[in-house]
Amino acid sequence: MPNMQQNKTQISVQEPNVRNKNFDEVCLGYTLDEAINEAQRCLNCKNKPCSSACPVSIDIPAFIEKLANSDIEGAYEIIAKSSSLPAVCGRVCPQENQCEGKCVRGIKGEPVAIGRLERFVADYHRKNLTLKPEMPKLNGHKVAIIGSGPSGLACSGDLVKKGYDVTIFEALHVAGGVLSYGIPEFRLPKNIVQSEIYHLKELGVKIVTNAVIGKSITIDELFTEGFEAVFIGSGAGLPRFMNIKGEALNGVYSANEFLTRVNLMKAYKEDSKTPIKCGKIVAVVGGGNVAMDAARSALRLGADQVYIVYRRGEAELPARKEEIEHAKEEGIIFKTLTNPTEILGDDKGNVCGIKCIEMGLGEPDSSGRRRPVVKENSEFTIDVDTVIMAIGTSPNPLILKTTNGLSANDHGCIVADEVGKTTKEGVYAGGDTVTGAATVILAMGAGKKAADAIDKFLSK
Amino acid sequence: MYKIIDKISLNPTVTKMVIEAPLVSKKAEPGQFVILRVNNDSERIPLTIHDYDREKGTITIIYQIVGGSTMELDKKCIGEYIEDFVGPLGMPTKLDGLKKVAVIGGGVGCAISYPVAKKLHELGATVYSIVGFRNKDLIILKDEFEKISDKFIVMTDDGSFGEKGLVTTALENLITSGENYDEVIAIGPVIMMKFVTEVAKKYNIKITVSMNPIMIDGTGMCGGCRLTVGGETKFACVDGPDFDGTKVDFDEAMKRGGFYKEFEAREREKECNLLKKEVK
């Protein structure tokens with residue numbers, strides 16, 4: 001008999017007024033008893049709507065059933081069959097639009113807290129299991145993966161398990177891609193990312209850092225060096241700006257720069273050798289997860305007031321619901337239906353304000369969201385000393401520029417079919433570099449599909 | 001980890017270092033740069049490639065000890081290792097087809113103007129090298145420049161060596177005395193590049209400058225190195241570092257370059273104190 005409790009089992013989090021001053025993880029996770037209690041809410045539906053909404057098709061009811069019966073390792077094994085990064089996904093997936101969005105329990109009450117359970121299982125496994133995984137038998141084929149972000153890690157995980165000799169090339173000095181440079185410590189602790197990567201290394205994945213494909217070495221050279229297939233998972237790392245006046249002022253950051261300084265270079269630590277100058281009043285432009293991460297990081301760096309400036313309405317905010325709620329609890333001020341028109345500077349070239357205009361909502365646009373329209377004569381200024389642009393990123397053109405035979409679309413995204421096959425023989429691509437900026441889990445799904453396609457290509 | 005093969009002090013604040021980095025040396029060209037991290041808690045700093053040896057798999061850099069990170073780097077000895085070293089980044093300087101070029105270097109910028117001048121010399125161009133330093137004690141690469149230049153002019157602020165004055169004066173004198181150049185290439189402090197650009201513009205000569213803004217990743221990811229060039233935002237790390245001088249907003253670049261000045265001064269102070277402690 002399932003546990004018919006209407007709401008999700010409560011999970012402990014750091015108090016808003018405490019956590020907005022530190023970089024420790026906000027969510028503290030379930031205890032074993034809480035996890036089992038929540039797992040027992042699952043109805044174990046035969047048709048598994050949750051699994052069908054999971055980009056990597058985890059057999060969700062099966063792992064939850066194991067967990068409900070206190071078989072945590074059993075639960076882990078089921079998740080691990082489909083996901084290389086469960087501790088990450090349990091934390092950063094937009095579950096409300098995926099598995100939990102389809103949960104039958106959500107029709108009357110709250111869905112089963114699938115994300116929290118996934119996280120619990122992964123964390124429990126990491127903390128309590130020291131067994132070394134068995135090294136798969138090598139099949140003699142070499143595959144190169146470009147980029148060590150979610151899609152590259154997922155692709156390499158699946159390939160190495162099939163016996164491929166996999167080498168990941170990473171441009172930065174640390175592996176993990178956006179998991180390392182983008183998502184902050186308080187949402188995704190870096191030791192968790194590194195331990196998931198360590199797990200892949202134990203399986204035999206090789207990681208070469210400081211290797212910029214397209215500069216240090218080209219894709220064509222990878223083939224001459226004996227790699228038989230290449231997967232491009234280089235992400236969408238090129239920051240966009242609004243092209244409004246004042247964006248070159250001191251104190252204007254791209255979210256990428258701001259978050260890279262904080263996360264990758266640890267600028268939030270007192271003794272960090274990489275500086276960050278975060279002012280007292282900060283405006284973050286944009287409404288996605290990256291905007292929330294930047295805003296909440298700014299607060300933790302000591303800003304007194306942090307604004308989210310977003311041109312559409314509150315209902316259109318693309319960030320995960322939980323991130324928006326957490327941001328509000330922590331004191332972030334939301335200025336929705338507001339669009340910047342100019343960043344104002346003082347005579348020394350430092351930011352001193354942001355000029356905005358109020359917006360209304362018109363007819364739905366091509367994205368299905370209502371188009372923001374300018375309200376005439378509604379301009380106003382907010383005094384700020386820091387502006388962070390979090391309005392999206394585009395794929396980095398470095399690889400496209402240096403590889404013959406790869407096609408791109410108008411947005412600069414690499415053209416690939418549904419399994420990741422590009423226009424160049426033996427070259428596959430997936431994740432943000434194909435779709436434009438999206439989520440960790442969609443990138444992982446693309447990496448997995450490409451791994452399958454590469455396997456078929458090389459088994460011919 | 002990247003091994004230090006050689007280290008030579010060129011003057012009290014400028015050091016030349018040869019580092020084993022086969023992946024970088026294979027592709028390196030004049031005008032490109034590397035990003036390095038000295039230790040595992042260090043910041044990423046960009047340094048332009050001074051020279052490369054594809055056979056030995058080495059890259060030579062020349063750096064001026066200006067802040068915490070370069071002090072940290074200078075503490076490393078031959079045989080020791082640098083944590084991270086990535087490149088070659090940025091676009092190589094375009095030199096093909098040039099017949100006669102004035103290559104101008106200011107201070108430690110000469111470390112970068114030298115490989116450009118050398119490559120031009122190898123390509124058969126006539127090279128006039130003009131270098132500027134504050135005084136004679138700071139002069140670097142004099143013999144190297146002499147070897148590859150058809151004309152070599154040293155300018156010092158105080159006249160303690162060569163001629164007294166600025167590189168712009170030397171350039172303008174050459175032009176007014178009838179010298180013609182296909183292009184002027186200037187590498188050095190932003191303020192110097194700004195004024196060299198003004199001279200070149202006055203005489204309608206093509207001018208290329210090498211920008212050196214603050215950057216983190218060096219691959220187009222952070223946008224910290226953005227400049228306004230011809231009214232458009234450009235990233236020095238991937239679009240440059242070379243740009244048409246007449247289009248660069250130098251004043252903005254100077255302001256942006258000073259954003260972390262206080263922090264740099266503090267780090268320098270900290271490193272100095274550490275050094276003092278070690279001496280005891």
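All chains are named by letter (A, B, ...) in the order of the sequence lines, taking the proteins before the strands, and each is independently numbered beginning at 1. Nothing here was measured: the structure is a model prediction, and the numbers come from that model.
- With hydrogens and angles disregarded, a donor-acceptor distance shorter than 3.5 Å links the side chain of Arg226(B) to the backbone of Glu247(A).
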- Could you go step by step and tell me if Lys266(A) and Asp41(B) meet the side-chain contact (heavy atoms from CB on, under 4.5 Å) rule? CA-CA 9 Å; Lys266(A) 311 275 172 243; Asp41(B) 62 345; over 6 Å; no
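- Chosen from Pro275(A), Gly349(A), Ser254(A), the residue pairing most often with chain B at heavy-atom distances under 4.5 Å is Pro275(A).
- Ranked by heavy-atom pairs shorter than 4.5 Å toward chain A, the options Arg44(B), Met215(B), Glu252(B) are led by Arg44(B).
- Under the 4.5 Å side-chain criterion, counting only non-hydrogen atoms from C-beta, Lys348(A) is not in contact with Lys255(B).
- Distance alone, capped at 3.5 Å, places no donor-acceptor pair between the Ser216(A) side chain and the Val24(B) backbone.
- Counting heavy atoms from C-beta on, the side chains of Met265(A) and Arg37(B) come closer than 4.5 Å.
- Looking at Asn396(A), the atoms closer than 4.5 Å to chain B (heavy atoms on both sides) all sit in the side chain, from C-beta outward.
- In this structure, no portion of Ser394(A) lies under 4.5 Å from any heavy atom of chain B.
- Looking at Phe85(B), only its backbone comes within 4.5 Å of chain A, counting heavy atoms on both sides.
- Ranked by non-hydrogen atom pairs under 4.5 Å with chain B, the options Val252(A), Val174(A), Leu259(A) are led by Val252(A).
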Distance-only donor-acceptor pairs under 3.5 Å for side chains of residues 217-225 of chain B, two or more places apart:
unit_1	atom_1	unit_2	atom_2	d
Asp217(B)	OD1	Cys222(B)	N	3.0
Asp217(B)	OD2	Thr219(B)	N	2.8
Asp217(B)	OD2	Thr219(B)	OG1	2.6
Asp217(B)	OD2	Gly220(B)	N	3.2
Asp217(B)	OD2	Met221(B)	N	2.8

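- Only the side chain of Phe241(A) has a heavy atom closer than 4.5 Å to any heavy atom of chain B.
- Within 6.0 Å of CE in Met91(B) there are 12 or fewer heavy atoms belonging to other residues, nucleotides or ligands.
- Surrounding NZ of Lys190(A) are more than 12 heavy atoms belonging to other residues, nucleotides or ligands, all under 6.0 Å away.
- With a threshold of 4.5 angstrom between heavy atoms, Thr393(A) does not approach chain B through any atom at all.
- The two atoms that bring Glu43(B) and Thr274(A) nearest to each other are CB-OG1, 3.1 Å, heavy atoms only.
- Contacts between Ile216(B) and chain A at a heavy-atom distance below 4.5 Å involve the side chain alone, from C-beta outward.
- More than 12 heavy-atom neighbours from other residues, nucleotides or ligands sit within 6.0 angstrom of CD on Glu80(B).
- Atoms CZ and CG, on Phe259(B) and Asn350(A) in that order, are 6.5 Å from each other to the nearest 0.5 Å.
- Of all the heavy atoms in Leu23(B) and Ala211(A), the pair that sits closest is CD2-CB, 4.2 Å.
- Looking at Glu232(B), there are no atoms closer than 4.5 Å to chain A (heavy atoms on both sides), in backbone or side chain.
- Minimum interatomic distance between Ile276(A) and Tyr260(B) (heavy atoms only, all atoms of both residues): CA-OH, 3.7 Å.
- Legend: residues meeting side-chain hydrogen bond (donor to acceptor under 3.5 Å, both in side chains) with Thr233(B), ordered by chain and number and at least two apart, are absent.
- For Arg256(B), the parts lying under 4.5 angstrom from a heavy atom of chain A are both the backbone and the side chain.
- For chain A, no part of Leu36(B) is nearby; none of its heavy atoms comes within less than 4.5 Å.
- Within the 4.5 angstrom heavy-atom criterion, no atom of Met254(B) approaches chain A.
- Salt bridge absent: Lys26(B) and Glu221(A) never bring a charged side-chain N and a carboxylate O closer than 4.0 Å.
- Both the backbone and the side chain of Leu172(A) come within less than 4.5 Å of a heavy atom in chain B.
- No more than 12 heavy atoms of other residues, nucleotides or ligands shown are found within 6.0 angstrom of NZ on Lys247(B).
- Using a 4.0 Å cut-off between charged nitrogen and carboxylate oxygen, Glu72(B) and Lys273(A) count as a salt-bridge pair.
- Around the NZ atom of Lys27(B), the shell of radius 6.0 Å holds more than 12 heavy atoms that belong to other residues, nucleotides or ligands.
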